[in-house]
Amino acid sequence: MIKALLTRLDATGDWLLPLLARFTFAATLAGYFWTSALTKLGDGLFGFLSPSLGAYAQIFPRAMEAAGYDASQLGLFHWAVVTAGTLAEFILPALIILGLATRLAGLGMIGFVVVQSLTDIIGHGTDASAIGAWFDRVPDSHILDQRLFWIVLFVTLIVKGAGPLSLDRLIARRLEM
């Protein structure tokens with residue numbers, strides 16, 4: 001009887017965990033990333049191709065300071081990174097919510113969060129209280145504690161996929177026909 005219950009719980013986890021992970025992401029983090037991306041857009045319809053001054057300052061704080069906050073002093077590499085980062089902040093959350101290329105999007109989000117965290121620590125000189133420490137009985141640091149939860153959510157999507165209510169599953173069913 002216990003074995004049957006555990007088997008049923010295992011099977012439930014295969015569809016429930018990805019669904020909860022995507023819901024949790026949509027309810028808590030998607031707006032955060034999209035709002036951040038909006039601050040990086042330049043003017044007009046193609047504003048993502050001419051990122052704002054703030055975009056460069058957020059992503060390359062030391063380089064911008066060295067350039068006197070004149071983004072035209074930065075090169076093609078800086079523009080490409082800022083543009084790719086801005087697009088990633090829009091596209092990766094949308095893919096996760098839709099359940100499309102979810103494993104790849106989860107991996108991309110982990111990379112994004114790692115780079116974001118390193119930029120906060122190294123580029124912006126975040127203080128030790130915001131960085132925090134693991135195993136310190138204080139669970140609310142913005143970087144080590146909070147972003148670990150984010151990464152666990154993304155790892156869940158990488159390992160389990162998007163679940164049954166997703167475009168990934170719909171496409172897989174269409175391909176089986």
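As the structure is a computational prediction, the values presented were derived from the model and not from experiment.
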### Message
Quick check on the hydrophobic clustering: are F135 and I131 connected, directly or via other members, by side-chain heavy-atom contacts under 4.5 Å?
### Response
yes
### Residue pair M109 / I96, side-chain heavy-atom distance below 4.5 Å
yes
### Task
Begin with the C-alpha distance, continue with both residues' side-chain angles, and end with the deciding distance and a verdict on side-chain contact (heavy atoms from CB on, under 4.5 Å) for Q58 and T119.
CA-CA 8 Å; Q58 287 176 50; T119 300; over 6 Å; no
### Task
State, to 0.1 Å, how close A30 and I97 come at their nearest heavy-atom pair, and which atoms those are.
CB-CD1, 3.6 Å
### Query
Going by atom types alone, do K40 and S36 pair a side-chain donor with an acceptor below 3.5 Å?
yes
### Y32: ring pair (Phe, Tyr, Trp, His ring centres under 6.0 Å) partners, not counting sequence neighbours
W150
### Message
With side-chain contact (heavy atoms from CB on, under 4.5 Å) as the criterion, how do L38 and F90 come out once you've worked through the C-alpha distance, each side chain's angles and the decisive distance to 0.1 Å?
### Response
CA-CA 9 Å; L38 287 171; F90 282 117; 3.8 Å; yes
### Side chain proximity check, F60 to V82, heavy atoms < 4.5 angstrom
yes
### Query
How far does OG1 of T156 sit from CD1 of I151, to the nearest 0.5 angstrom?
12.0 Å
#### Entry: Close side-chain approach of T28 to L153, heavy-atom, < 4.5 Å
no
### Atom CG of D43 with >12 non-hydrogen neighbours under 6.0 angstrom
no
### Within-4.5 Å side-chain heavy-atom neighbours: V114 and L118
yes
### Summary
What one should report as the nearest heavy-atom pair of M64 and D70 is CE-N, 4.1 Å
### Query
Taking all atoms of both residues into account, what is the closest heavy-atom pair of A133 and S141, and its distance?
N-OG, 4.5 Å
## Note on the structure
When rounded to the nearest 0.5 Å, the distance separating CZ of R169 from OG1 of T102 is 10.5 Å
### Query
In Å, rounded to the nearest 0.5 Å, how long is the span from CG of L148 to CG of L144?
8.5 Å
### OH (Y69) with more than 12 external heavy atoms under 6.0 Å
yes
### Task
Check whether more than 12 heavy atoms from other residues, nucleotides or ligands sit under 6.0 Å from atom CD of E65, and answer yes or no.
no
### Closest approach of P93 to A88 (non-hydrogen atoms, all atoms of both residues)
CD-O, 3.4 Å
### Message
Tell me the closest heavy-atom pair linking L92 and A105, and the distance in Å.
### Response
CD2-CA, 3.8 Å
### Sequence-distant partners of F154, ring pair (Phe, Tyr, Trp, His ring centres under 6.0 Å), two or more places apart
F25
### Distance (rounded to the nearest 0.5 Å) between L157 CG and R103 CZ
9.5 Å
### Query
Any donor and acceptor pair, going by atom type alone, linking the side chain of R22 with main-chain N or O of G163 inside 3.5 Å?
no
### Task
With T86 as reference, evaluate I91, L41, L49 under the side chain to side chain contact (heavy atoms under 4.5 Å, CB included) test and give the passing residue.
L41
## Note on the structure
Taken in chain and number order and not counting sequence neighbours, the residues that satisfy side-chain hydrogen bond (donor to acceptor under 3.5 Å, both in side chains) with T35 are none
### side-chain contact (heavy atoms from CB on, under 4.5 Å) between I110 and I158, worked out
CA-CA 10 Å; I110 289 173; I158 292 167; 3.6 Å; yes
### Message
Can you tell me which residue among H142, Q146, R147 is in a side chain to side chain donor-acceptor pair (under 3.5 Å) with S117?
### Response
R147
### Query
Without hydrogens or angle criteria, can the side chains of S166 and D168 be said to hold a donor-acceptor pair below 3.5 Å?
no
### Query
When rounded to the nearest 0.5 angstrom, what distance separates OG1 in T12 from CG in L5?
9.0 Å
### Task
With rounding to the nearest 0.5 Å, note down the distance linking CZ in F48 to OG1 in T83.
8.5 Å
### T126 and D120: CA distance, side-chain angles, deciding distance, side-chain hydrogen bond (donor to acceptor under 3.5 Å, both in side chains) verdict
CA-CA 6 Å; T126 301; D120 287 344; 5.1 Å; no
### Message
I'd like to know if L6 and W15 are part of one continuous hydrophobic network [Ile/Leu/Val/Met/Phe/Trp/Tyr, side-chain heavy atoms within less than 4.5 Å].
### Response
no
### T24 and F149, any side-chain heavy atoms less than 4.5 Å apart
no
### Closest non-hydrogen atom pair, R62 against I122
NH2-O, 2.8 Å
### Message
Does Y56 form a side-chain contact (heavy atoms from CB on, under 4.5 Å) with H78? I'd like the steps, not just the answer.
### Response
CA-CA 8 Å; Y56 288 97; H78 295 92; 4.2 Å; yes
